[in-house]
Amino acid sequence: MLSLSQAIQIAFNHTTQPQLWQSLVINKRQPYTHRAFIQQGDTRICLHRFEPCSPDESFPHPHPWPATMLILSGVYDMAVFHTPDLKSRYPSPVLHLTLSAGSVYQMRDRHTWHQVIPRSECYSLMINGPRWEKPHRFAPTTRGKALKPMSEAALASHLAQFRQLLVAFE
C-alpha cells in the first residue's frame with residue numbers, strides 16, 4: 001500500500017485531470033459522501049466530502065480492506081467498535097474520538113468498525129489497500145446500489161477544492 005505522503009502527492013498531481021478519476025455520490029446512507037477515486041496499483045486513493053449528519057443517522061461499519069485516513073478540513077466525531085469474529089452484527093464500543101484537520105488514523109483489523117459523524121462539511125483522503133480475502137460479513141459495498149457518479153462539473157469542482165486543501169499537506 002502507498003504511504004500517506006505518496007498518496008497525497010499522487011492525488012495532488014492528478015487533481016487537474018478529472019478524466020483520470022471515477023466518482024460516486026453515496027446517498028443511500030449517511031453521512032452523504034461525495035467520493036472521487038483513482039487506482040494506483042493495488043491501492044485506491046479516495047477524496048471524500050462528507051455532509052453533516054446526526055449520530056442516529058450515521059451508521060457503524062467495518063471496511064473490506066485496510067485503510068488510512070487523513071482529515072483535510074472540518075471536524076467529525078468517530079466512534080470505534082470491535083467484533084469478536086467476522087460474522088457478528090453488533091459490535092462492542094471501544095472508544096469515541098473527535099477528529100479535525102491533520103488527524104490521521106488507520107483501520108488495520110477486519111474486526112474493527114467505525115462510525116463517522118461529521119459536525120460540519122468535512123474533507124478527507126482515504127487510502128485503501130487490497131481487499132481482504134475474507135472481509136467482515138457486514139462490510140458495506142457500493143456495488144448494486146444504483147449510485148450515480150458526480151457530474152463532470154461537480155467532479156471538476158470537487159477536485160479543485162481538494163487541490164487547495166492538499167497543498168497544506170504536501
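It should be emphasised that the depicted structure is a prediction, and the values quoted were computed from it without experimental measurement.
- Proximity of a side-chain donor or acceptor of S58 to a complementary backbone N or O of V116 within less than 3.5 Å is detected.
- Remark: the H61 side chain and the H114 side chain contain an N/O donor-acceptor pair separated by less than 3.5 Å.
- Distance alone, capped at 3.5 Å, is enough to place a donor-acceptor pair between the H158 side chain and the L47 backbone.
- Nearest heavy atom pair, residue P55 against residue I117, reads N-CG2, 3.7 Å.
- In plain terms, the two heavy atoms of W65 and P130 that are nearest each other are CB-O, 3.7 Å.
- Between F50 and S124, the closest heavy-atom pair is CE1-OG, 3.5 Å.
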Trace of the side chain to side chain contact (heavy atoms under 4.5 Å, CB included) decision for F12 with R163:
CA-CA 6 Å; F12 180 81; R163 185 169 183 79; 3.6 Å; yes
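- Cluster annotation: L99 is connected to L95 through the hydrophobic network of ILVMFWY side chains, with a link wherever side-chain heavy atoms come within less than 4.5 Å.
- Stacking of R119 on the aromatic ring of Y76 is not recorded, the 6.0 Å distance cut-off and the 45° axial limit not both being met.
- The line from CD of Q164 to OG1 of T15 is 10.0 Å long, rounded to the nearest 0.5 Å.
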Report the C-alpha separation of H82 and D109 in whole Å, then their side-chain angles, then the decisive distance to 0.1 Å, and conclude whether the side chain to side chain contact (heavy atoms under 4.5 Å, CB included) test is met.
CA-CA 9 Å; H82 193 267; D109 184 317; 4.1 Å; yes
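- Between L155 and P149, every side-chain heavy-atom pair lies at or beyond the 4.5 Å cut-off.
- Side chain to side chain, T43 and Q40 fail the donor-acceptor criterion of an N or O pair below 3.5 Å.
- Side-chain contact check for H136 and T83: at least one donor-acceptor pair (N or O, by modelled atom type) lies under 3.5 Å.
- In this structure, the side chains of L97 and M78 come closer than 4.5 Å at one or more pairs of heavy atoms.
- Residue D42 holds its CG atom at 11.0 Å from CG of N128, rounded to the nearest 0.5 Å.
- Nearest heavy atoms, P140 versus P62: CD-O, 3.1 Å.
- A 4.5 Å side-chain heavy-atom check between R35 and T142 finds at least one atom pair inside the cut-off.
- Considering every non-hydrogen atom in both I127 and S3, the closest pair reads CD1-O, 3.9 Å.
- Interatomic distance, F37 CZ to W21 CH2, rounded to the nearest 0.5 Å: 10.0 Å.
- No path of Ile, Leu, Val, Met, Phe, Trp and Tyr side chains, each step under 4.5 Å between heavy atoms, connects V94 with Y90, placing them in separate hydrophobic clusters.
- F138 and L86 fall into different hydrophobic clusters, where Ile, Leu, Val, Met, Phe, Trp and Tyr residues are linked whenever their side-chain heavy atoms come under 4.5 Å apart, directly or through other members.
- With a 4.5 Å cut-off on side-chain heavy atoms, L159 and T16 do not count as touching.
- The shortest distance between side-chain heavy atoms of P52 and P31 does not fall below 4.5 Å.
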Test side-chain hydrogen bond (donor to acceptor under 3.5 Å, both in side chains) applied to T68 and R108, step by step:
CA-CA 8 Å; T68 300; R108 297 272 181 231; 3.2 Å; yes
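- For the pair F162/L125, no side-chain contact is recorded, criterion being any heavy-atom separation below 4.5 Å from C-beta on.
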Test side chain to side chain contact (heavy atoms under 4.5 Å, CB included) on M126 and H63 and set out the steps.
CA-CA 12 Å; M126 178 172 71; H63 282 209; 3.7 Å; yes
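- Under the 4.5 Å side-chain heavy-atom criterion for ILVMFWY residues, a single connected hydrophobic cluster contains both V80 and Y105.
- At distances below 3.5 Å, at least one donor-acceptor pair connects side-chain atoms of R110 with backbone N or O atoms of K134.
- With hydrophobic clusters built from ILVMFWY side chains whose heavy atoms lie under 4.5 angstrom apart, I71 does not share a cluster with L2.
- Rounding to the nearest 0.5 Å gives a distance of 12.5 Å between OG of S23 and CD1 of I38.
- For the pair P66 and W132, the minimum side-chain heavy-atom distance is below 4.5 Å.
- With rounding to the nearest 0.5 angstrom, the CD1 atom of I8 is 5.0 Å from the CG atom of L70.
- Surrounding CD of E51 are more than 12 heavy atoms belonging to other residues, nucleotides or ligands, all under 6.0 Å away.
- Distance alone, capped at 3.5 Å, places no donor-acceptor pair between the T141 side chain and the A139 backbone.
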In sequence, state the C-alpha distance, the side-chain angles, and the governing distance for M69 and M107, and then conclude on side chain to side chain contact (heavy atoms under 4.5 Å, CB included).
CA-CA 8 Å; M69 286 73 143; M107 293 179 67; 3.8 Å; yes
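- Atom CZ of R49 is separated from atom OG1 of T33 by 9.5 Å, given to the nearest 0.5 angstrom.
- With hydrogens and angles disregarded, a donor-acceptor distance shorter than 3.5 Å links the side chain of S151 to the backbone of A154.
- In this structure a side-chain-to-backbone donor-acceptor pair under 3.5 Å is missing from Q9 to A11.
- Closest approach of S120 and V75 over heavy atoms only: OG-N, 3.6 Å.
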